[in-house]
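Since the model is a prediction, treat every value here as computed from it, not as a measurement.
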Amino acid sequence: MNVGRQPLKRFALLFCTGLILLVQSSETAVITFDGLPDGTVLTTQYSGLSFFNATILTAGLSLNEFEFPPRSGANVVSDNGGPITILFSTPVLSFSGYFTYLNPLNLIAFDSSNKQIATSHSLFSNNLACPAGPPCSGHLGSATNELLSGDPGGGSSS
């Protein structure tokens with residue numbers, strides 16, 4: 001583990017089009033959710049991760065891709081009945097995801113003792129796309145798929 005970095009064991013989030021994880025061995029894992037069918041309840045489909053309150057939405061089917069465009073491929077993960085929680089079987093050093101949201105978004109990271117060690121906040125109250133131009137649902141100046149990350153060792157929580 002890098003000096004000065006706290007490993008993440010759990011991360012709470014809301015809506016995501018992709019995850020980027022830096023595990024303790026300094027390897028990077030990228031998850032796009034594109035290998036799962038529309039409507040899949042996301043649980044333990046990805047090795048080392050356990051998702052709670054998460055479901056897969058697909059552009060052209062259950063996802064309104066005009067206001068919630070996927071960053072890559074056709075799938076996104078969305079909250080289902082509460083904020084999404086991800087438990088990592090192996091602690092990770094950092095976490096990033098691309099988010100499109102209806103309400104302000106807060107990412108919160110916890111260590112293995114359930115102590116909060118990092119936070120990241122969305123820049124806007126919502127960042128929906130403006131497919132037809134103004135007026136639109138998104139906050140003026142926002143863009144879909146905002147990159148938010150948790151880096152307990154970076155001291156960059158806001």
Exercise for the section: Verify the distance criterion only: is there a donor paired with an acceptor across the side chains of Thr144 and Asn127 at less than 3.5 Å? Expected result: no
Handout entry: ILVMFWY cluster, Leu123 and Leu105 together (side-chain gap under 4.5 Å)
Key = yes
Handout entry: From Asn126 atom CG to Asn103 atom CG, the distance as rounded to the nearest 0.5 Å
Key = 7.5 Å
Completion exercise
Residue set satisfying side-chain hydrogen bond (donor to acceptor under 3.5 Å, both in side chains) with Ser50, at least two apart, ordered chain then number -> none
Fill in the blank from the handout: All heavy atoms of Ser149 vs all of Leu107, minimum pair found to be N-CD1, 4.2 Å
Exercise for the section: Dump the intermediate steps for side chain to side chain contact (heavy atoms under 4.5 Å, CB included) on Phe52 and Ile84, then the final yes or no. Expected result: CA-CA 6 Å; Phe52 300 90; Ile84 296 171; over 6 Å; no
Completion exercise
So CD1 of Ile108 and OG1 of Thr119: to nearest 0.5 Å the spacing works out to 7.5 Å
Handout entry: 4.5 Å side-chain heavy-atom contact, Tyr46 and Ile31
Key = yes
Completion exercise
Closest non-hydrogen contact found for Gly141 with Phe124 is O-CZ, 3.5 Å
Exercise for the section: Evaluate side chain to side chain contact (heavy atoms under 4.5 Å, CB included) for Leu128 paired with Phe66, printing each intermediate quantity in order. Expected result: CA-CA 9 Å; Leu128 301 180; Phe66 300 107; over 6 Å; no
Problem - Smallest separation among heavy atoms of His121 and Glu146, with atom names - result: O-OE2, 4.3 Å
Completion exercise
Value for CG (Asp38) from CG (Leu61), rounded to nearest 0.5 Å, stands at 4.5 Å
